[in-house]
Amino acid sequence: MNTLVAELTVNGAPVKAIAEPRTQLCEILRETLNLTGTHVGCEQGVCGACTVLVDGKPQRSCVSYAGDCSGSSVITIEGFDEDPLMAELRDAFSRHHALQCGYCTPGMLVTARDIVLRLGEVAPGTIREELSGNLCRCTGYVGLVEAIEEVSKGRKPQRAAAFTPAVKVAAAGQTAPPVPSPAHASSPARPVRSAVPGNAAQPDLRKGWSRIEQHLEIAVPPDQIWQKLRDIRDVSKCLPGAEITEVDGSALSGRMNVALGPMKVAFSGDGTVVFDEAARSGRMTGRGRDTGSGSSAEGEVEWRVEPAEKNADAASRILVVLSWRLSGRLAQFNRGGLVQDVIQRLASIFAANLEASIKGTPAPAGEIKSLGVLDLLWSVLVSRWRRWRGK
């Protein structure tokens, strides 16, 4: 049986754990380190009970491989014993009856602390959106929202928390020396240059949105790529699950079909698209809703076509900036370390389909296939495993 050594900092203590490649982070925390405050519920990354901080950001430990977290700082619920903000949240949870069976509470508290630090004073509606990835079957969420709202009153967003966990880890048997505090909030804002030349610099990210940049290399001349990208309806056929149903000038309507295991959703909505012919660039925005799950999605994509650095006459480079936000039941899939890998994998599929279409191979016709997120995740995990084996 192959094994690996995961080197982590857990609640301030350095930890080395020998594990199989398939071992999840929650297994290391609960079974090796005896940190049983991390609860395991669905084991599919949906319920949020196992949420911990990994490098300062909430993450599902039941769908995080211990090997992938090697080198990271992990803080479990036990690591907040001396944290003033967590103490306030615990008291508020008690006063507002925000827990009953208590099974979801550790993950709720970790998420609640991140909300208060990252957003500062926050409205009830925003709290409900932020908590949509943490499920509770007892309280009805009213007490949870009231408790978080009370603690957030008068606070400003913080980029980092002045808190260093230093607790005993059962397997280590000793208290770790102080280590630098991880960032418990989003990375410092940076100005972002629009993908469309001539536009002013924009704020880094709207609250609750995720963002990724992708560069695609395609062995087709830039002018030919640009003409293809001008046909939004045709291009959509290259993206699994996407369908443009109507185009009227700059306005468009469409659907995005997504399969999450047995759960299938179809986001239907409207958007706009604008082009800059001289710069060979464009921007598309849209929003949609799945009536079955009650989930909503908003997104914006900007792109620019330019000659490739090598073989500029026969190859192109497409620069893409993608921003999105999910709310409702599907919001939990907006988090976690695999999201960027999934987007990059999806971009690779799109690039291959686009190149084949431009060269004369028709895009798949007929029924619009759902985007199989679990299949994408599996391909990402296989790719990560192969990269790890190759080291």
Side-chain angles (χ1 to χ4, degrees), residues 48-49 51-60 75-77 79-100 104-136 138-165 181-192 202-211 287 294-298 300 323-332 334-336:
T51 303
V52 297
L53 289 189
V54 177
D55 293 331
K57 296 181 180 180
Q59 185 164 315
R60 305 288 197 269
I75 305 180
T76 71
I77 191 64
F80 295 105
D81 285 353
E82 305 300 325
D83 179 43
L85 177 54
M86 188 63 83
E88 289 185 49
L89 286 166
R90 286 196 300 264
D91 290 345
F93 270 47
S94 179
R95 284 195 306 276
H96 290 277
H97 306 287
L99 66 159
Q100 288 185 30
C104 71
T105 303
M108 283 286 186
L109 283 169
V110 172
T111 299
R113 184 180 184 278
D114 174 71
I115 292 171
V116 174
L117 280 172
R118 181 164 42 85
L119 302 181
E121 185 167 344
V122 61
T126 302
I127 295 173
R128 287 185 176 275
E129 283 190 10
E130 291 285 329
L131 285 181
S132 59
N134 291 74
L135 306 185
C136 176
C138 302
T139 66
Y141 295 92
V142 174
L144 287 161
V145 174
E146 290 176 348
I148 297 172
E149 182 184 16
E150 176 187 292
V151 174
S152 75
K153 289 292 185 183
R155 292 182 181 269
K156 300 293 184 182
Q158 299 179 35
R159 299 195 189 284
F163 166 66
T164 300
S181 297
H184 288 265
S186 301
S187 299
R190 298 169 299 170
V192 172
Q202 301 174 347
D204 182 45
L205 201 60
R206 285 156 284 191
K207 288 184 178 179
W209 286 58
S210 300
R211 177 180 177 278
R287 64 171 58 196
S295 299
S296 298
E298 299 175 76
E300 178 178 282
S323 305
W324 73 92
R325 182 178 73 162
L326 295 178
S327 59
R329 287 175 57 194
L330 297 183
Q332 61 266 20
N334 201 42
R335 304 172 184 170

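- Between R60 and T51, the closest side-chain pair of non-hydrogen atoms falls below 4.5 Å.
- Side-chain N or O atoms of S94 include none that pairs as donor or acceptor with a backbone N or O of D91 at under 3.5 Å.
- Scanning all heavy atoms of the two residues, the minimum distance from G120 to S152 falls at O-CB, 3.4 Å.
- Within the 4.5 Å cutoff, the side chain of V110 has no heavy atoms near those of the V52 side chain.
- Counting heavy atoms from C-beta on, the side chains of L53 and R113 come closer than 4.5 Å.
- To the nearest 0.5 Å, atom CZ of residue F93 and atom OG1 of residue T105 are 7.0 Å apart.
- Heavy atoms from other residues, nucleotides or ligands lying under 6.0 Å from CZ of R287 number 12 at most.
- The distance from atom NE2 of H96 to atom CD1 of I148, rounded to the nearest 0.5 Å, is 10.5 Å.
- Side-chain atoms of T111 do not come within 3.5 Å of backbone N or O of M108 as any donor-acceptor pair.
- Going from atom CD1 of I115 over to atom CD of E149 covers 12.0 Å, rounded to the nearest 0.5 Å.
- Atoms CD and CD1, from E130 and I127 in turn, are 9.0 Å apart once rounded to the nearest 0.5 Å.
- Once rounded to the nearest 0.5 Å, the distance linking NZ of K153 with CD of E121 reads 5.0 Å.
- Looking at every heavy atom in both residues, L135 comes nearest to C104 through O-CB, 3.4 Å.
- The two atoms that bring L119 and P157 nearest to each other are O-CG, 3.5 Å, heavy atoms only.
- Across A92 and E150, no two heavy atoms sit closer than the pair CB-OE2, 3.9 Å.
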Mind running side chain to side chain contact (heavy atoms under 4.5 Å, CB included) on I77 and M86 for me, showing each step along the way?
CA-CA 9 Å; I77 191 64; M86 188 63 83; 4.1 Å; yes

